[in-house]
Protein chains: 4
Amino acid sequence: MNREEKKRATRQKIIDCALELFAENGYEATTVHQITERAGVAKGTFFNYFENKEEVLCDLQLFIATEEISKLQYKQGPIIPLMRELLMEMLRHLPFNRSLILASFQCTLSNKKLLESATVKFEEFKQVLIPVIAAAQARGEISSVMPAEMIADLAVQNYQGALIYWGMGLGEDKLSNQVTLSFELFFKGLAP
Amino acid sequence: MNREEKKRATRQKIIDCALELFAENGYEATTVHQITERAGVAKGTFFNYFENKEEVLCDLQLFIATEEISKLQYKQGPIIPLMRELLMEMLRHLPFNRSLILASFQCTLSNKKLLESATVKFEEFKQVLIPVIAAAQARGEISSVMPAEMIADLAVQNYQGALIYWGMGLGEDKLSNQVTLSFELFFKGLAP
Amino acid sequence: MNREEKKRATRQKIIDCALELFAENGYEATTVHQITERAGVAKGTFFNYFENKEEVLCDLQLFIATEEISKLQYKQGPIIPLMRELLMEMLRHLPFNRSLILASFQCTLSNKKLLESATVKFEEFKQVLIPVIAAAQARGEISSVMPAEMIADLAVQNYQGALIYWGMGLGEDKLSNQVTLSFELFFKGLAP
Amino acid sequence: MNREEKKRATRQKIIDCALELFAENGYEATTVHQITERAGVAKGTFFNYFENKEEVLCDLQLFIATEEISKLQYKQGPIIPLMRELLMEMLRHLPFNRSLILASFQCTLSNKKLLESATVKFEEFKQVLIPVIAAAQARGEISSVMPAEMIADLAVQNYQGALIYWGMGLGEDKLSNQVTLSFELFFKGLAP
DNA sequence: GATGAATGAGGCTTCATTCAT
DNA sequence: CATGAATGAAGCCTCATTCAT
């Protein structure tokens, strides 16, 4: 392992331990000392990699894989399989651990910058969905009683709701099942 | 205003200011000093009413009106109007303010006791819903392709999802609209 | 019980409870709130009887009964029975409780005024003893190899040593035995 | 001075200043701020070395040098010179300062853990003395009218009494004289 | 005289961050 | 780059004391 690799490994170790601890005790209740202790590095090392405690949050994988979403707009075909595929893709980027999901939300809510960025991401997600939904409505695949924007809103809300609900320890055993079920019902409601 | 009334007023003033500040800056970032300053009382007064900072949280109105829910099980009639009525009733107990809603979630997620109690409340909510849903399925009002328990899960998730989504500043202007729309689609998906 | 008696009773109740608590937790660690709670009165009542917390200490029976001591100088006869009598008299004014004895010392040591006053009392005690001892030496009752002042010092130290040693839970079961034994040996050492 | 030495120096500086201040104002009346100020370090530094304020007390040299005492049991010869030697050895470990001695007692009495540990030490001291005394009695060096255990009790009490009496500003100018005189009389009383 | 809510100074302790080694 | 001792601002909380009822 050369120098560059070692650095990346240290950085990742810190991030992982930080998120673990955030999941256990929450962001504010977690101290830099705890993080470095668990990561097996000195306290000063933390600040070699991050300007300050808050900055670790920026490396947190949020619940939205922006890249996957942006690919959606170039895809063709019926909306329901498309959405299923997208959801599965997004889930692949999420931790399969309730506490970690919940910790992500907790961090997001307790940090203005993170909250802002999450809101923006949700909004972007919605903006990508709108034309896809509108097209599906035009093709008659889904009902047109609601405007596409409203449907997009409800879709994003549904996604987020499933995550947080599951993160709290409720619902299905596997997150993917929880999300799948939610959208199954969602699309049934949208039947033309 | 007699002594007893004054006490209650002081206590309520503290709670109100606390929630306000939690909404503005988050729970952890809010100091007891800020709370008492805004409430116009001395710092020590706070601790005459609450054992410690954490304890104000227990007096926070959460997003679930347990009483309203428990009444549901004694009611009769078709499920959809019943649920609509229940939702409206619950919304009446919520703050009509996005930050306050979000602050409630933030507090809940950043506090183990509160999280536990919220989870329990959601679970109770679900348990009350299950027989109501099962009865509606038996009467053929809603689809039976999903077991009642699963539907109850999704209903609670839907409710919570709408709150947090709206709290983040997304969706409809009015919370009641956001919740109503969510459940409109939800029930459409459940059509037999 | 008339008004005056009631007042005295309340005052005494407060003092008793205070000393009890001092014995349990020490002077500093005991709060006025604890005292009034145990005494069954309101916090304000405490300050109707005492200017401040420190003042309760002034009512503490210290380990030296000044009156008894001052009587000594007018008494006649051989020193040993005289001293025995004095000791017994002084013990009669002490609490028969190790913690209480220890608490008295603790209070004395943790309070400058009290420490000063205790030192003064010991000094007075010594001053009363000196002529009595000198006279006994003159009568040949006790050895003259040590000056009377030195003997007086050792006597007072012996008395105090027995109290604190016993207060710490060591030595004889009964305080009077501990003191008696100490002085038995003390006088043996003084045999001419 | 390397890093490790510096650490030890800082720690010792804190302890020394703490004891100084305890002697001046008592344990409770001394604040961590005062200690660190006098030691010339930041307030936080104190807590790098001690978990909390109470913990400095554990590093305080108490009035009993346990090691010296335990050596006693392996020594031979007449008891009186042996005891003199032991006393001198123990005094060598004590501060030659009345306030410091008194502060030690004050701390001991105001802290349950410390009190417990002091009591245990006195008890150990006694247990070491008992066989030595019994042997001296068997050899006819000292009187057998009192059981060895009782004599040991009185010896320890005598030692402690001398310390506290001197600490209060009474008795001889030098502590060693006060202790020596006490034990001179003590052993005279024990003459066979 | 009794009450106990209100006060606020001041203590202990935490912890992100710096920096010399 | 790693280390961890040092920093000090800032928070929580305690508690003696006051005073209106």
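Residue numbering restarts at 1 for every chain, and letters A, B, ... go by the order of the sequence lines.
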**Student:** Considering just the side-chain nitrogens and oxygens of C:Y49, establish if one lies under 4.0 Å of OP1 or OP2 belonging to E:dA2.
**Tutor:** yes

**Student:** Please check this pair: side chain of C:K13 against backbone of C:G40, looking for a donor-acceptor N/O pair closer than 3.5 Å.
**Tutor:** no

**Student:** Apply side chain to side chain donor-acceptor pair (under 3.5 Å) to B:E24 and list each qualifying residue two or more places apart in sequence or on a separate chain.
**Tutor:** B:R38

**Student:** Would you say the side chain of A:T36 lies within less than 4.5 Å of the side chain of A:I14, judging by non-hydrogen atoms?
**Tutor:** no

**Student:** What's A:F50 touching, base or sugar-phosphate or nothing? Going by heavy atoms closer than 4.0 Å.
**Tutor:**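 It contacts nothing in the nucleic acid.
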
**Student:** All N/O contacts under 3.5 Å from nucleotides 15-18 of chain E to the protein, with atom names and distances to one decimal?
**Tutor:**
residue : atom : partner : partner atom : Å
E:dA16  : OP1  : A:K53   : NZ           : 3.3
E:dA16  : OP2  : A:V32   : N            : 2.8
E:dT17  : OP2  : A:K53   : N            : 2.8
E:dT17  : O4   : A:K43   : NZ           : 3.3

**Student:** In whole Å, I'd like the distance from the CZ atom of C:R11 to the C1' atom of E:dA2.
**Tutor:**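 These atoms are roughly 16 Å apart.
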
**Student:** At under 4.0 Å between heavy atoms, what does B:K7 touch on the DNA or RNA strands: base, sugar-phosphate, or nothing?
**Tutor:**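 B:K7: backbone/sugar contact only, no base atoms under 4.0 Å.
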
**Student:** Rounded to the nearest Å, what distance is computed from the CD atom of residue B:E4 to the P atom of nucleotide E:dT3?
**Tutor:** 16 Å

**Student:** With A:D16, which residues qualify under side chain to side chain donor-acceptor pair (under 3.5 Å), at least two apart?
**Tutor:**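 For A:D16, the residues satisfying side chain to side chain donor-acceptor pair (under 3.5 Å) (neighbours in sequence not counted) are A:Q12.
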
**Student:** Not counting sequence neighbours, which residues clear side chain to side chain donor-acceptor pair (under 3.5 Å) with D:E54? List them please.
**Tutor:**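 Testing D:E54 for side chain to side chain donor-acceptor pair (under 3.5 Å), a comparison that skips the adjacent residues, returns D:N111.
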
**Student:** On the nucleotide E:dA6, are OP1 or OP2 found under 4.0 Å from the side-chain N or O atoms that B:T10 carries?
**Tutor:** yes

**Student:** Nearest-Å distance, CZ (D:R3) to P (F:dA6)?
**Tutor:**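 Roughly 9 Å, once rounded to whole Å.
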
**Student:** Rounded to the nearest Å, what distance is computed from the NZ atom of residue D:K6 to the C1' atom of nucleotide F:dG4?
**Tutor:**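 These atoms are roughly 13 Å apart.
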
**Student:** Taking CD from D:Q34 and P from E:dG10, how many angstroms apart are they, rounded to a whole number?
**Tutor:**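 Rounding to the nearest Å, CD of D:Q34 and P of E:dG10 are 12 Å apart.
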
**Student:** Quick one: side chain to side chain donor-acceptor pair (under 3.5 Å) partners of D:N48, sequence neighbours excluded?
**Tutor:**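 Scan of D:N48 (side chain to side chain donor-acceptor pair (under 3.5 Å), adjacent residues dropped) gives none.
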
**Student:** Sequence neighbours excluded, which residues qualify as side-chain contact (heavy atoms from CB on, under 4.5 Å) partners of B:K7?
**Tutor:** B:E4, B:Y49

**Student:** With D:E51, which residues qualify under side-chain contact (heavy atoms from CB on, under 4.5 Å), at least two apart?
**Tutor:**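 Applying side-chain contact (heavy atoms from CB on, under 4.5 Å) to D:E51 gives D:E55.
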
**Student:** Just the rounded figure in Å: distance from P of E:dG4 to CD of C:E37.
**Tutor:** 11 Å

**Student:** Using Watson-Crick and G-U wobble pairs whose two distances are both under 3.5 Å, how do you write the pairing of DNA chain E as dot-bracket, with | for links to another strand?
**Tutor:** .||||||||||||||||||||

**Student:** CG of D:N2 versus P of F:dT3: gap in Å, rounded?
**Tutor:** 19 Å

**Student:** Scan residues 28-48 of chain D for pairs that pass ring pair (Phe, Tyr, Trp, His ring centres under 6.0 Å), counting only residues two or more places apart or in two chains.
**Tutor:**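 Ring pair (Phe, Tyr, Trp, His ring centres under 6.0 Å) check on residues 28-48 of chain D returns D:F46-D:F50.
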
